[in-house]
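Below is one structure, written out as structure tokens; comments come after it.
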There are 2 protein chains.
Amino acid sequence: MQSNKDAARKTPRLDVHNSDVPLVCRACESRHKGVCGSLTPDQLVQLSKHTTKHVYRSQSELITVGDDVHTYSNILSGVVKLTKLMADGRQQIVGLQFAPDFLGRIFSSQSSYSAEAATDVRVCSFPKSVIEDLARSAPNMEHALHEQTLKELDEAREWMLTLGRKTATEKVASFLYLIASNIDPELDDDEHTIRFELPLKRLEIADFLGLTIETVSRQITKLRKSGIIELENNRTVIVPSLARLQGACENEQ
Amino acid sequence: MQSNKDAARKTPRLDVHNSDVPLVCRACESRHKGVCGSLTPDQLVQLSKHTTKHVYRSQSELITVGDDVHTYSNILSGVVKLTKLMADGRQQIVGLQFAPDFLGRIFSSQSSYSAEAATDVRVCSFPKSVIEDLARSAPNMEHALHEQTLKELDEAREWMLTLGRKTATEKVASFLYLIASNIDPELDDDEHTIRFELPLKRLEIADFLGLTIETVSRQITKLRKSGIIELENNRTVIVPSLARLQGACENEQ
DNA sequence: CGACGCCTTGATCAACTTCAAATTTTGTGG
DNA sequence: CCACAAAATTTGAAGTTGATCAAGGCGTCG
């Protein structure tokens, strides 16, 4: 997705040991990834002056609909869910974000969705104004944010196809495939078997797929009985063949 | 949505009669809107050197999945639908674009969806390289494109809620409300009644809503019988009260 | 242990789809 | 302008999928 065109825009990446890079950033896993990865040491210094790290416990809110947003964050670890709520309580998860995604609707003081920690989440936060000043003055910063937005848009549209046109089984398979691709999975000796923890509980999966919790449960059982997945426990999934799981995302009937 | 923060970034808008503005742009309805609206006369000149205008007939393809894209376009009039197709033929419209939207997945040579004219469409096209060079060298250009991407992302997520959690009637009402808000409607003497042409046929509405054509037809009939809309003919809709239509988008049962 | 949260399973029901056909609208050529 | 064919839409009846309602199981924590 990232093309070689981008490489030209980036300031040549300096060695991690370069003393220009601020201390907080030097040991950061996101240092070379996501938005931070395309910043110059100078910009990192400017940013790091206002950086704070936070841990959010699972199910706590990072951004509330309607509230003014004063910070943006880099996700260092964990999974964040973006949810929309209807007046009568119906809920839809409209996006999942993983490290090292950038969190926050830039150039807008209000969010039209809330962001909640699906798992425990560690973030590196920056005041809104610092990010926006940097975006205004540093084209590479705005470009990095733009790429992040484009990635989210591609993912949202892919999910629209899932929501609008896939069957319940295909939806659940698509969800498992999404997680398998985004969580760093343990690869088994038999290099084709992968294993991972689900970051969402059944109700959240239902809210992501536009289904009910019962239907999600039944489809998981169905995928298990058909041998496409195995369950070590409710949260731990083993995928013997990623190709077979992928096939289940779009079943020719 | 556009905030006053943006105003500061924009070069002060020059008078339309300013001779610096190229001829093709001077008479253009999009001149002050969309991406072009935030360009300087110099940038417009640079862009206009490579500008071509096209008309696409309804149902013709502007962008085909998998094909390399060599141009970006500004929509001058008409409606463009972005569609995704599954191997077995299931189809989902993942976005609708209206004038003066910018069309094309920037910074990527391939599109993961196709773009088709839903109605006759007039566009102003630019070679990919010119746009991307401009985006690289002119921060205000990239910012304008970024704002467009953010707007599309907000719309996509709003629609994910519709696809995932709304009933068939609510979906159709939401679609009509979307069109009423994006097509410039005729306002009746009685200032509350609005009237517009549907840019999509029933099958396309179904593909946008994740429904079948029959269900769409039945829901339209239902909305008509309940007095929320009137039909002048298959394509012409009259909305006596926009507030009532909005209410139908999210019905407390 | 007992209560609670979470997940699964079963039975029934409603919403939406599918299949089929009728009806209306649109386009074309004489 | 009419006749006719093709396309689009509507309507009806039956079938399916997934939702709802209800109950029970499992694991954790006080």
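First the proteins, then the strands, lettered A, B, ... as listed; each starts at 1.
Spacing between atom CD of A:Glu232 and atom P of D:dG27 amounts to 14 Å, rounded to whole angstrom units. For the pair B:Lys222 NZ and D:dT10 C1', the interatomic distance rounds to 16 Å; values are reported in whole Å. Between the CG atom of A:Leu163 and the P atom of C:dC16 there is a distance of 15 Å, rounded to whole Å. Atoms CG (A:Leu231) and P (C:dC6) sit 18 Å apart, rounded to a whole Å. As a whole-Å value, the separation of B:Glu170 CD from C:dA15 C1' is 13 Å. For the pair A:Leu198 CG and C:dC6 P, the computed distance is 15 Å after rounding to whole Å. For A:Asp207 and C:dC6, the CG to C1' distance is 15 Å, given to the nearest whole Å.
Inspection of the A:Thr71 and A:Ser125 side chains reveals no N or O donor paired with an N or O acceptor under 3.5 Å. Under the 3.5 Å distance criterion, with hydrogens and angles disregarded, no donor-acceptor pair is assigned to the side chains of A:Glu170 and A:Gln219. With no hydrogens or angles considered, a side-chain donor-acceptor pair links A:Lys166 and A:Ser174 at under 3.5 Å. Side-chain contact check for B:Arg122 and B:Ser77: at least one donor-acceptor pair (N or O, by modelled atom type) lies under 3.5 Å.
Within the 3.5 Å criterion, the main-chain N or O of B:Gly78 finds no donor-acceptor partner in the side chain of B:Thr119.
Note: A:Phe175 and A:Phe208 have perpendicular aromatic rings, judged against thresholds of 30 and 60 degrees for the angle between ring planes.
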For nucleotides 3-9 of chain D, tabulate all protein N/O to nucleotide N/O atom pairs closer than 3.5 Å, reporting atom names and distance.
| residue | atom | partner | partner atom | Å |
| --- | --- | --- | --- | --- |
| D:dA8 | OP1 | B:Lys201 | NZ | 2.9 |
| D:dT9 | OP2 | B:Arg202 | N | 3.1 |

Strictly under 3.5 Å: I want the nitrogen or oxygen pairs between protein and nucleotides 12-19 of chain D, one per line.
| residue | atom | partner | partner atom | Å |
| --- | --- | --- | --- | --- |
| D:dG12 | N7 | B:Arg218 | NH1 | 3.0 |
| D:dG12 | O6 | B:Arg218 | NH2 | 3.3 |
| D:dG18 | OP1 | A:Ala168 | N | 2.8 |
| D:dA19 | OP2 | A:Thr212 | N | 3.4 |
| D:dA19 | OP2 | A:Thr212 | OG1 | 3.1 |
| D:dA19 | OP2 | A:Thr215 | OG1 | 2.3 |

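Between B:Glu116 and B:Lys81, at least one side-chain nitrogen of the basic residue sits less than 4.0 Å from a carboxylate oxygen of the acidic one, meeting the salt-bridge criterion.
With sequence neighbours left out, B:Ile213 forms a side-chain contact (heavy atoms from CB on, under 4.5 Å) with B:Arg202, B:Leu203.
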